[in-house]
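Scroll down for the structure; my scribbles are underneath it.
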Amino acid sequence: MAYVDDTAKKLMESGTDVLGTTFGAISSLMLFYVFILIFTFFILLYRRLLIRFIVWVFRDENEHVVMDIVENIQSILRQYILGLLLEMVIVAGVAITVFWMIGIKYAALLGIIVGLFNIIPYIGIFTALLLSTVITFATGSISNTIAVAVSVIGIHAVDANFLLPTIVGSKVRLNALISFIGIILGEMIWGLSGMFLSIPVIAIFKIIFDRIETLKPWGYLLGGDYEYKKSAAKAMKTE
């Protein structure tokens, strides 16, 4: 019992360090969002220049293919980014409400953490679960820690099965293996920002591959059997 009491005191004392690390991660993520807004502004400002450059590089005879790719990329990215932002706000709001009802400390902070990290596919939920449970364990009781862990898993299950398909959706389906590899490579190249941007970048490559005859096998590799079966069924229905 003396050992348990001593360990519990040390964990409570380390709570400040955990909160400091958490605030650092959140501030870094918010700084990344600011840079994304700045980049988006300049890309929109020079969008005509960029489109003309791309068309010029690939010559006039390929203009219709280039314009088709550009239009699809614009549509997919607009749907993806806006959907993710809306999903993040909803998940954060639900998490804050649930944590507040449980009665844990830093309910708003933990809810924001869950909302921010939830937008990173596959890995984000584990990061949010780890941070929220560690902070709750360092500042609360075991029962609160278990309640927080169950709540985060439940929120993620509802989000993955209902919110994500409804709000975000996607005309470009990426298989789980490619998505997971892309997230790992993105983290190695650019940290947390790379994890967030990996899925849109892979989606852009898939749009390009699907519209160039010699690169269609690579588009199939990124998508998988789902789209192949879907296109085959569509062809059979047309016949």
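Here the CG-NZ distance, from Leu215 to Lys206, works out to 12.5 Å after rounding to the nearest 0.5 Å. Of the inter-residue distances, the one linking Ile69 atom CD1 with His64 atom NE2 reads 9.5 Å to the nearest 0.5 angstrom. The OG atom of Ser132 sits 10.0 Å away from atom CG of Leu109, with the distance rounded to the nearest 0.5 Å. We find the CH2-CD1 distance between Trp218 and Ile212 to be 13.5 Å, quoted to the nearest 0.5 Å. To the nearest 0.5 angstrom, Phe126 atom CZ is 13.5 Å from Leu131 atom CG. To the nearest 0.5 Å, atoms CG (Leu222) and CZ (Phe209) are separated by 6.0 Å.
Checked against side chain to side chain donor-acceptor pair (under 3.5 Å), Ser143 has the following partners two or more places apart in sequence or in another chain: Ser141.
A single hydrophobic cluster is not seen to contain both Val89 and Val152; linkage of ILVMFWY side chains at heavy-atom distances under 4.5 Å, directly or through other members, places them apart.
Contact annotation: the side chain of Asp210 never approaches that of Asn72 to less than 4.5 Å [non-hydrogen atoms, C-beta and beyond]. You'll find the side chain of Phe117 stays beyond 4.5 Å of the side chain of Val91, heavy atoms only.
Taking Ile, Leu, Val, Met, Phe, Trp and Tyr as members and joining any whose side-chain heavy atoms lie under 4.5 Å apart, directly or through other members, the hydrophobic cluster of Met101 also contains Trp100.
Considering every non-hydrogen atom in both Val65 and Arg211, the closest pair reads CG1-O, 3.8 Å. Residues Leu110 and Lys105 come closest through the heavy atom pair CD1-O, 4.0 Å. Heavy atoms only, all atoms of each residue included: Thr145 and Thr133 are closest at CG2-O, 3.7 Å. Closest approach of Ser198 and Gly182 over heavy atoms only: CB-O, 3.3 Å. Closest non-hydrogen pair, Ser151 versus Ile102, comes out as OG-CD1, 3.5 Å. Of all non-hydrogen atoms in Ala95 and Gly111, the two that sit nearest each other are CB-CA, 3.8 Å.
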Item checked: Verdict with reasoning, Val114 to Phe99, per side chain to side chain contact (heavy atoms under 4.5 Å, CB included) -> CA-CA 11 Å; Val114 173; Phe99 295 159; 4.1 Å; yes
